Amino acid sequence: MHNGTTITQFIIEEQRKIEGATGDFTSLLNDIVTACKVISNMVNKGELIGVLGSAGSENVQGETQKKLDILTNEVFLRSNEWAGHLSAMASEEMEEIYGIPSQYPRGKYLLTFDPLDGSSNTDVNVSVGTIFSILRCPGERVCPNRDAFLQPGTQQVAAGYALYGPSTMMVLTTGNGVNGFTLDQDIGEFILTHSSMTIPEDTREFAINCSNMRFWEPPVKRYVDECLAGAEGPRGEDFNMRWIASMVAEVHRILTRGGIFMYPLDAKMKARGAEGKLRLMYEANPMGFIIEQAGGVASTGRERILAVKPRDLHQRVPVILGSRNEVERVVAYHAEADSEAAA
Ligand code: P6P
């Protein structure tokens with residue numbers, strides 16, 4: 001059971017701990033919460049309101065857009081453009097940044113988001129989610145450019161996700177730990193149900209898309225082979241595997257019971273000049289912030305994700321995140337392989 005603390009009350013109580021907080025940030029978070037409630041309702045109704053299926057277009061990533069990708073992107077823009085807390089937004093679904101229209105005041109924050117991560121799952125009724133990250137707008141707020149967003153993940157003021165699953169949940173960090181809220185559909189409020197979420201340091205559960213195995217770099221292949229060898233192998237224990245193809249659902253599972261999630265760099269990506277599959281600004285950085293705040297580790301395999309200095313708004317990175325001891329093992333395997341290759 002829960003003590004009935006709503007996400008609004010929680011955010012305001014968090015705000016009181018911040019010297020000189022003006023309520024701007026609190027109000028921005030509440031606008032994001034409203035957008036996630038609207039998206040939850042849309043996703044939940046699905047084909048009842050004709051929102052499933054392809055939109056017949058491609059996004060900046062070259063991915064076929066679902067109708068819901070476009071609709072949820074619109075929900076985020078409309079919910080967050082009017083209140084005067086933001087100077088601009090950046091979305092996985094849009095090539096260019098979205099400057100706040102001139103009829104609205106501009107504020108001191110920037111918002112990046114993936115409005116519906118894992119959207120390929122919507123047509124098959126598997127959990128999907130929204131991921132968001134809040135940065136401070138540097139310098140001129142009048143019309144920030146793309147470069148204003150190119151801040152390392154350590155600069156994030158807040159990050160969170162909504163998970164549209166059997167329950168709709170929101171998980172949020174403002175730099176003081178990670179807290180989870182469950183949507184009470186009867187009253188339309190997110191209620192605090194998972195206080196101070198922390199990730200177990202050890203796990204016997206890994207998540208990776210094994211169909212890419214033949215393209216993996218040696219350290220990733222070594223780690224997964226050892227997991228698959230189980231009790232008879234070098235790890236001396238059996239492992240379990242999961243792959244939902246929805247990062248929000250994988251991260252939530254890891255926050256709840258531990259685990260390691262990997263979307264590593266592979267030979268197929270290198271061949272097309274890509275640096276990874278997942279996007280730095282609106283997948284890896286917000287999730288990395290949440291994972292670290294819950295006591296886990298988030299790495300590219302060769303460096304801390306939050307330390308990566310972005311070169312481009314839609315930059316991709318390798319992602320290895322979750323339970324500390326397992327991620328550190330994979331990072332160590334990368335270091336060993338790189339030093340052998342350099343010798
Ligand atoms: P694959 C969804 O498109 C996503 O960005 C992540 O949410 C998910 O973990 C990954 O891609 C799934 O990739 O190659 O298994 O479809």
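Source: prediction; values computed, not measured. Ligands are counted one by one from 1 in listed order, and the atoms in each one are counted from 1 as well.
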Take Ile7 and Leu192, measure what side-chain contact (heavy atoms from CB on, under 4.5 Å) needs, and give me the verdict at the end. CA-CA 6 Å; Ile7 194 167; Leu192 178 65; over 6 Å; no
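When Glu92, Met287, Lys277 are checked for heavy-atom proximity to atom 16 (O) of ligand 1, Lys277 turns out nearest.
Residues Pro101 and Trp82 have side chains not in contact (no heavy-atom distance under 4.5 Å, counting atoms from C-beta outward). Under the 4.5 Å side-chain criterion, counting only non-hydrogen atoms from C-beta, Arg222 is in contact with Glu226.
Protein heavy atom nearest atom 5 (O) of ligand 1, with residue, atom name and distance: Glu283 OE2, 3.0 Å. Protein heavy atom closest to atom 7 (O) of ligand 1, with residue, atom name and distance, is Asp117 OD2, 2.5 Å. Shortest contact from atom 9 (O) of ligand 1 to any protein heavy atom: Met247 N, 3.5 Å. At the top of the distance list for atom 14 (O) of ligand 1, counting protein heavy atoms only, stands Tyr263 OH, 2.6 Å.
The closest side-chain donor-acceptor pair between Asn285 and Ser133, if any, does not fall under 3.5 angstrom.
Contacts between Ser246 and ligand 1 below 4.0 angstrom, taking non-hydrogen atoms only, involve the backbone exclusively. At a 4.0 Å heavy-atom cut-off, ligand 1 touches Leu278 through the side chain alone. Neither the backbone nor the side chain of Arg316 has any atom closer than 4.0 Å to an atom of ligand 1 (non-hydrogen atoms only).
No option in Leu116, Asn73, Ile70 other than Asn73 meets the side-chain contact (heavy atoms from CB on, under 4.5 Å) test with Glu93.
For ligand 1, the atoms lying closer than 4.0 Å to a non-hydrogen atom of Phe261 are 9 (O). Ligand 1 places these atoms under 4.0 Å from at least one heavy atom of Asn209: 1 (P), 14 (O), 15 (O). Counting the atoms of ligand 1 from 1 in the order shown, those under 4.0 Å from a heavy atom of Arg279 are 5 (O).
Under a 4.0 angstrom heavy-atom cut-off, Gly118 registers as being in contact with ligand 1.
Ion pairing between a basic and an acidic side chain is recognised when a charged N comes within 4.0 Å of a carboxylate O; Arg204 and Asp238 show no such pairing. Ion pairing between Lys309 and Glu303 fails under the 4.0 Å rule for side-chain N and carboxylate O.
Classification of the Phe76-Phe132 ring pair by plane angle, with boundaries at 30° and 60°, yields tilted.
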